[in-house]
Amino acid sequence: MAAVMTERLIYEILSAVEEIPEGRVATYGQIARLIGRDKNARLVGKVLSRAEYYGKYPCHRVVNHAGRLAPHFPEQRHLLEDEGVKFRDETHVDMKKYQWDGT
DNA sequence: ACCCTGACTACCG
DNA sequence: CCGGTAGCCAGGG
């Protein structure tokens, strides 16, 4: 049963990620909140780290609360810049301007 | 059940 | 939004 719940969790997380508009970014906490699990931000990260295994989703549009890019995901910056997202430095997205409002 | 781990976060300072 | 600290909770061994 625990496995079943995980599968549903994965589905919910990926569905939420799929809603992030192009050129916008969301935080792990935001995604967790969207699926009604605001305490499970870390789990969101875990699922996204394996997202490519489940299918293709815009996981590059998810960053941490400070706009920091995900580790072990070198292409993330390039993918975001291609959508017009500006960076304040090598590793941080300008959250003030590009964080998705959830609508 | 216990312990460790992590693509996290809220809270200082 | 930097750095350190302390909660957090599902997974895997």
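What you see is a predicted model, and the numbers here were worked out from it, not measured in a lab. Here is how names work: the chains are called A, B, and so on, in the same order as the sequence lines, proteins then strands, and each is numbered from 1.
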*asked:* Go through it in stages, so that I can follow the logic: the residues are A:Lys86 and A:Tyr98, the test is side chain to side chain contact (heavy atoms under 4.5 Å, CB included), and I'd like the CA-CA distance, side-chain angles, deciding distance and then a yes or no.
replied: CA-CA 8 Å; A:Lys86 300 276 173 42; A:Tyr98 301 98; 3.0 Å; yes
*With a non-hydrogen cut-off below 4.0 angstrom, is A:Ala41 in contact with a base, only sugar-phosphate, or nothing?*
sugar-phosphate
Length of the line joining [X]:[atom1] and [N]:[atom2], which is rounded to integer Å:
X: A:Leu43; N: C:dC9; atom1: CG; atom2: P; result: 12 Å
X: A:His65; N: B:dC12; atom1: NE2; atom2: C1'; result: 13 Å
X: A:Ile13; N: C:dC9; atom1: CD1; atom2: P; result: 15 Å
X: A:Lys39; N: C:dA6; atom1: NZ; atom2: C1'; result: 14 Å
X: A:His72; N: B:dA7; atom1: NE2; atom2: P; result: 7 Å
X: A:Ile35; N: C:dA10; atom1: CD1; atom2: P; result: 11 Å
X: A:Lys46; N: B:dC8; atom1: NZ; atom2: C1'; result: 12 Å
X: A:Arg33; N: B:dC8; atom1: CZ; atom2: C1'; result: 13 Å

Quick check on [N]: is either OP1 or OP2 less than 4.0 Å from any side-chain nitrogen or oxygen of [X]?
X: A:Arg88; N: C:dC1; result: yes
X: A:Ser49; N: B:dG6; result: no
X: A:His92; N: C:dC2; result: yes

_From CA spacing to verdict: side chain to side chain contact (heavy atoms under 4.5 Å, CB included), A:His65, A:Met95_ = CA-CA 9 Å; A:His65 71 117; A:Met95 295 302 275; over 6 Å; no
*Examine the base of C:dC8 for any acceptor or donor lying under 3.5 Å from a partner atom in the side chain of A:Arg42, and report the outcome as yes or no.*
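Counting by modelled atom types and ignoring angles, a donor-acceptor contact under 3.5 Å is found here.
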*Hey, any chance A:Tyr57 and A:Leu80 share a hydrophobic cluster, counting ILVMFWY side chains that come within less than 4.5 Å of each other, even indirectly?*
no
*asked:* For A:Arg77, is there an ion pair with A:Glu90 - N to carboxylate O distance below 4.0 angstrom?
replied: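 Looking at A:Arg77 together with A:Glu90, the answer is yes, because their closest N to O distance falls below 4.0 Å.
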